[in-house]
Peer 1: 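I'd like to ask some things about the structure below.
We count residues from 1, following the sequence as given.
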Amino acid sequence: MTVKQEPALDEVLLKPLVESALIEDLGRRGDVTSQATIPADLQAQLEIKTRQAGVICGMDLARLSFALVDEQIEFSAYVNDGETVATGTVLAIVRGNARHLLTAERTALNFMTHLSGIATATKTIVDSVAAYPAQITCTRKTIPGLRVVQKYAVRCGGGRNHRLGLDDAILIKDNHIAIAGDIKTAIRHSQEFAGHLIPIEVEVDTLEQLEQALEAGVSLVLLDNMSPDVLSQAVAMCKGRAKTEASGGITPTTVQAVAKTGVDFIAMGYLTHSTTALDIGLDFRV
């Protein structure tokens with residue numbers, strides 16, 4: 001089964017990430033191991049192959065990793081981001097200067113294994129709640145500098161993105177409420193600030209807070225750290241009044257119970273901070 005292909009990210013977004021990773025890896029002397037062991041003009045062919053089944057993500061980042069080391073390297077891709085593949089699938093073949101292929105290897109694989117792990121975990125979770133209306137979203141709990149590609153990986157796995165950044169929407173959380181004085185004050189100030197273009201979401205921890213938020217006219221509430229029983233009551237209170245999003249330490253083992261409550265969205269930081277990398281290797285091809 002293949003997830004609908006997510007439109008590729010523009011290269012202008014990806015190039016700085018790859019350049020930074022290569023600079024970090026090359027250090028002051030470059031790839032001294034390849035320089036020491038491989039003749040300078042030797043050509044080679046290698047294949048990027050999965051060692052686990054999963055959803056692939058990061059093909060363009062891998063291609064750029066090789067191209068930025070040596071623009072003469074040929075990168076032949078056989079799958080697209082968002083495709084589900086079996087163990088042993090050849091994802092791409094790379095041909096060119098052997099030293100340069102090995103120099104780019106780890107950077108290419110680091111991106112692919114990490115992002116494919118996110119995409120694979122996302123698809124597994126999305127499939128597990130397919131019988132319910134809830135949509136799976138990620139959060140801002142991302143690795144600094146990698147948010148745009150981590151959130152892209154979530155989309156490749158069939159999930160949706162929550163805020164990309166602080167400027168996307170107003171999300172009134174517990175500390176905002178505490179400092180503002182109370183939930184209604186925080187909402188009123190946000191409504192005055194937002195105008196008609198910035199959406200407003202309010203995080204609530206109790207049904208009492210939820211009622212106050214609904215009375216203030218919010219259209220989206222974040223139901224934080226509520227048990228399934230309380231979530232079900234909250235969803236009933238919001239019916240016809242506001243969309244609901246559950247959050248707070250939700251994992252693959254608890255997500256179904258949350259989905260059964262009828263919430264519209266389930267926010268999972270797990271997708272970007274706790275997933276396991278997909279095992280992908282680069283092997284010499286005779």
Side-chain angles (χ1 to χ4, degrees), residues 1-9 14 17-18 21 44-67 73-96 98 101-102 104-132 134-138 142-143 146 148-161 251-253 255-256 259 266 268 270-286:
M1 178 182 175
T2 299
V3 173
K4 181 181 178 182
Q5 187 178 346
E6 176 68 22
L9 293 175
L14 304 181
L17 301 181
V18 179
Q45 178 172 273
L46 298 97
E47 57 186 22
I48 302 175
K49 182 187 291 187
T50 57
R51 295 168 181 166
Q52 284 179 284
V55 180
I56 299 305
C57 184
M59 293 294 290
D60 282 338
L61 287 155
R63 175 182 55 78
L64 274 173
S65 297
F66 291 102
I73 289 176
E74 298 177 29
F75 185 94
S76 301
Y78 296 113
V79 302
N80 296 309
D81 285 350
E83 287 191 43
T84 300
V85 301
T87 301
T89 300
V90 175
L91 307 177
I93 292 176
V94 286
R95 305 176 184 86
L101 290 172
L102 296 179
E105 171 185 4
R106 180 43 51 197
T107 296
L109 292 180
N110 280 349
F111 281 120
M112 287 203 69
T113 57
H114 176 60
L115 299 179
S116 296
I118 292 174
T120 300
T122 301
K123 182 181 184 300
T124 299
I125 292 168
V126 168
D127 287 350
S128 75
V129 299
Y132 309 101
Q135 298 186 62
I136 301 299
T137 74
C138 54
T142 54
I143 296 173
L146 294 183
V148 67
V149 291
Q150 287 188 304
K151 284 182 171 281
Y152 167 73
V154 168
R155 299 196 303 273
C156 284
R160 294 176 57 130
N161 293 159
T251 68
T253 58
V255 68
Q256 276 195 334
I266 301 175
M268 298 182 67
Y270 169 91
L271 298 175
T272 51
H273 68 55
S274 294
T275 50
T276 301
L278 191 72
D279 194 359
I280 299 171
L282 183 67
D283 299 319
F284 178 63
R285 183 168 178 168
V286 180

Peer 1: If you round to the nearest 0.5 Å, how far is CZ of R63 from CG of L14?
Peer 2: 8.0 Å
Peer 1: Please test L282 against V94 for side chain to side chain contact (heavy atoms under 4.5 Å, CB included), starting from the C-alpha separation and ending with a verdict.
Peer 2: CA-CA 9 Å; L282 183 67; V94 286; 4.0 Å; yes
Peer 1: Under a 4.0 Å threshold between the charged nitrogen and the carboxylate oxygen, would R155 count as salt-bridged to D81?
Peer 2: no
Peer 1: Tell me, yes or no, whether the heavy-atom count around R160 atom CZ, taken from other residues, nucleotides or ligands under 6.0 Å, exceeds 12.
Peer 2: no
Peer 1: Check the pair T89 / Y78 against side chain to side chain contact (heavy atoms under 4.5 Å, CB included), numbers first and verdict last.
Peer 2: CA-CA 9 Å; T89 300; Y78 296 113; over 6 Å; no
Peer 1: Taking Q150 for the side chain and I143 for the main chain, is one N or O donor matched with an acceptor at less than 3.5 Å?
Peer 2: yes
Peer 1: Distance-only, no hydrogens or angles: does the T87 side chain make a donor-acceptor pair with backbone N or O of A53 under 3.5 Å?
Peer 2: yes
Peer 1: Between T50 and A86, is there a donor-acceptor pair closer than 3.5 Å when you use the side chain of the first and the backbone of the second?
Peer 2: yes
Peer 1: Within this structure, what is the CD1-CG distance for the pair I280 and L109, rounded to the nearest 0.5 Å?
Peer 2: 7.5 Å
Peer 1: Under a 3.5 Å distance rule, please check whether E74 uses its side chain to pair with a backbone N or O of R95 as donor and acceptor.
Peer 2: no
Peer 1: What's the verdict on side chain to side chain contact (heavy atoms under 4.5 Å, CB included) for T122 and V55, showing C-alpha distance, side-chain angles and the deciding distance?
Peer 2: CA-CA 9 Å; T122 301; V55 180; over 6 Å; no
Peer 1: Could you walk me through whether T120 and K123 satisfy the side chain to side chain contact (heavy atoms under 4.5 Å, CB included) test, starting with their C-alpha distance in whole Å, then the side-chain angles of each, then the deciding distance to 0.1 Å, before giving a yes or no?
Peer 2: CA-CA 5 Å; T120 300; K123 182 181 184 300; 6.0 Å; no
